[in-house]
Amino acid sequence: MLSVVIPVYNEAKCLSATLLAVGEHLARLTAPSAGVGGSAGAPPFEIVVADDGSRDESVALAQALADRLPIRIERLAENRGKGAAVRAGMLAARGDPIFYFDADLSTPLAEMERFLAALAAGADLVVGTRKHPEARIERWQPPHRVWLGRCYTRLANALLGLAVSDFTCGFKAFRAAAAREIFTRGRLDRWSFDAEILFLARHLGLRLAELPVRWADRPDSRVRVGSAMVKSFAELLAIRRHARHGDYGPERASPR
Ligand SMILES: Nc1nc2c(ncn2[C@@H]2O[C@H](COP(=O)(O)OP(=O)(O)O)[C@@H](O)[C@H]2O)c(=O)[nH]1
Ligand SMILES: [Mg+2]
């Protein structure tokens with residue numbers, strides 16, 4: 001079974017269209033002829049809506065589609081942050097592999113096939129990157145977000161000793177075993193949770209692949225940049241602190 005986790009915070013405007021598009025795409029992707037998922041009797045895919053305490057109609061809209069699509073709703077009682085929502089959804093997912101991506105579908109669903117191929121070729125997790133020469137950015141984020149993103153990437157790599165080109169691209173795929181190892185250890189609730197995932201991947205010796213993606217930014221972002229910056233920086237320091245205190249468990253050598 002293939003799982004998709006979608007973190008949702010006040011997405012009433014786009015959620016129904018997103019769920020229908022995801023349902024249609026996954027039905028095609030898991031059709032018997034496609035050779036992905038679908039063992040006898042089990043539904044071939046599930047969509048986990050990880051609701052982050054939305055105060056709009058998001059949950060009702062997802063519930064309304066649950067008789068037509070294999071949708072499960074994981075609800076956080078209050079808004080805790082994208083990291084908390086993704087973690088709850090990833091730990092609730094029952095499939096293998098497990099994807100997560102943003103409700104606005106900034107990265108088109110057609111990219112899933114390449115991610116599945118990279119997992120089949122041996123990666124434990126595959127993360128999208130917008131900062132690769134082969135990435136095709138159809139609509140950029142506003143210039144201040146692009147600039148802040150670049151600073152964040154440098155800072156996160158320097159603080160965590162990594163060499164990743166894009167931490168925060170909201171399109172990632174995991175083998176179920178890798179997802180379980182990462183998300184049972186993850187602690188961050190807000191925007192640096194992506195950096196924690198990549199840090200943990202290295203810490204656990206998992207095989208990581210970065211794949212360039214297409215991206216068309218949605219103009220009405222939910223991100224409040226000022227407070228997100230400060231909290232993200234504090235969270236990067238928290239990753240170092242957790243690592244130093246052994247909160248992530250023993251480090252493992254990478255397979256290569
Ligand atoms: N901004 C925000 N998004 C959240 C939160 N929790 C979950 N999300 C989801 O995280 C995803 C990314 O949000 P988005 O506004 O598109 O971020 P951006 O593309 O980085 O500007 C969406 O699917 C949101 O619904 C939260 O607390 N704040
Ligand atoms: Mg977005």
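A quick note: this is a predicted structure, and the numbers were derived from the prediction, not measured. In this chain, residues are counted from 1 in sequence order. In each ligand, atom 1 is the first atom listed, and ligand 1 is the first ligand listed.
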J.: Can you find a side-chain donor-acceptor pair between Ser165 and Glu210 that sits under 3.5 Å?
T.: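 A donor-acceptor contact under 3.5 Å links the two side chains.
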J.: For the backbone of Leu236 and the side chain of Arg240, can you confirm whether one donor and one acceptor N or O come within less than 3.5 Å of each other?
T.: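 The answer is no, because no donor-acceptor pair under 3.5 Å joins these two groups.
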J.: Check the Mg ion (ligand 2) and write out every protein N, O or S atom at under 2.8 Å, as residue and atom.
T.: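 Counting only protein N, O or S atoms under 2.8 Å from the Mg ion (ligand 2), the list reads Asp104 OD2.
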J.: Name all residues meeting the salt bridge (Lys or Arg N to Asp or Glu O under 4.0 Å) criterion together with Arg80; count only those two or more places apart in sequence or in a different chain, and write none if there are none.
T.: Asp189
J.: Do Val4 and Met112 have side chains that get closer than 4.5 Å, going by heavy atoms?
T.: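 Yes, side chains in contact.
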J.: Using a cut-off of under 3.5 Å, which N/O atoms of ligand 1 pair up with protein N/O atoms, and what distance separates each pair?
T.:
residue: ligand 1; atom: 1 (N); partner: Arg222; partner atom: O; Å: 3.1
residue: ligand 1; atom: 6 (N); partner: Asp52; partner atom: OD2; Å: 2.5
residue: ligand 1; atom: 6 (N); partner: Lys82; partner atom: N; Å: 3.4
residue: ligand 1; atom: 15 (O); partner: Arg218; partner atom: NH2; Å: 3.2
residue: ligand 1; atom: 15 (O); partner: Arg222; partner atom: N; Å: 2.6
residue: ligand 1; atom: 16 (O); partner: Asp104; partner atom: OD2; Å: 2.9
residue: ligand 1; atom: 16 (O); partner: Arg218; partner atom: NH2; Å: 2.8
residue: ligand 1; atom: 20 (O); partner: Arg145; partner atom: NH2; Å: 2.9
residue: ligand 1; atom: 21 (O); partner: Arg145; partner atom: NH1; Å: 3.1
residue: ligand 1; atom: 21 (O); partner: Ser221; partner atom: OG; Å: 2.5
residue: ligand 1; atom: 23 (O); partner: Pro7; partner atom: O; Å: 2.7
residue: ligand 1; atom: 23 (O); partner: Ala103; partner atom: N; Å: 2.9
residue: ligand 1; atom: 25 (O); partner: Pro7; partner atom: O; Å: 3.4
residue: ligand 1; atom: 25 (O); partner: Tyr9; partner atom: N; Å: 2.9
residue: ligand 1; atom: 25 (O); partner: Glu11; partner atom: OE2; Å: 2.5
residue: ligand 1; atom: 27 (O); partner: Asp52; partner atom: OD2; Å: 3.0
residue: ligand 1; atom: 27 (O); partner: Asn79; partner atom: ND2; Å: 2.9

J.: Heavy-atom count around Arg190 CZ within 6.0 Å, excluding the residue itself: above 12?
T.: yes
J.: Who pairs with Arg187 by salt bridge (Lys or Arg N to Asp or Glu O under 4.0 Å), at least two apart in sequence or on another chain?
T.: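 Per chain and number, Arg187 pairs via salt bridge (Lys or Arg N to Asp or Glu O under 4.0 Å) with no residue.
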J.: Should the pair Phe199 and His203 be assigned to parallel (<30°), tilted (30 to 60°) or perpendicular (>60°) ring geometry?
T.: parallel
J.: State which residue, out of Phe99, Phe115, Phe183, fulfils the ring-ring contact (aromatic ring centres under 6.0 Å, His included) condition with Phe174.
T.: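 That would be Phe183; it is the only one of Phe99, Phe115, Phe183 passing the ring-ring contact (aromatic ring centres under 6.0 Å, His included) with Phe174.
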J.: Does any part of the side chain of Leu2, heavy atoms only, come nearer than 4.5 Å to the side chain of Leu116, both counted from C-beta?
T.: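 Of all side-chain heavy-atom pairs linking Leu2 with Leu116, at least one is under 4.5 Å.
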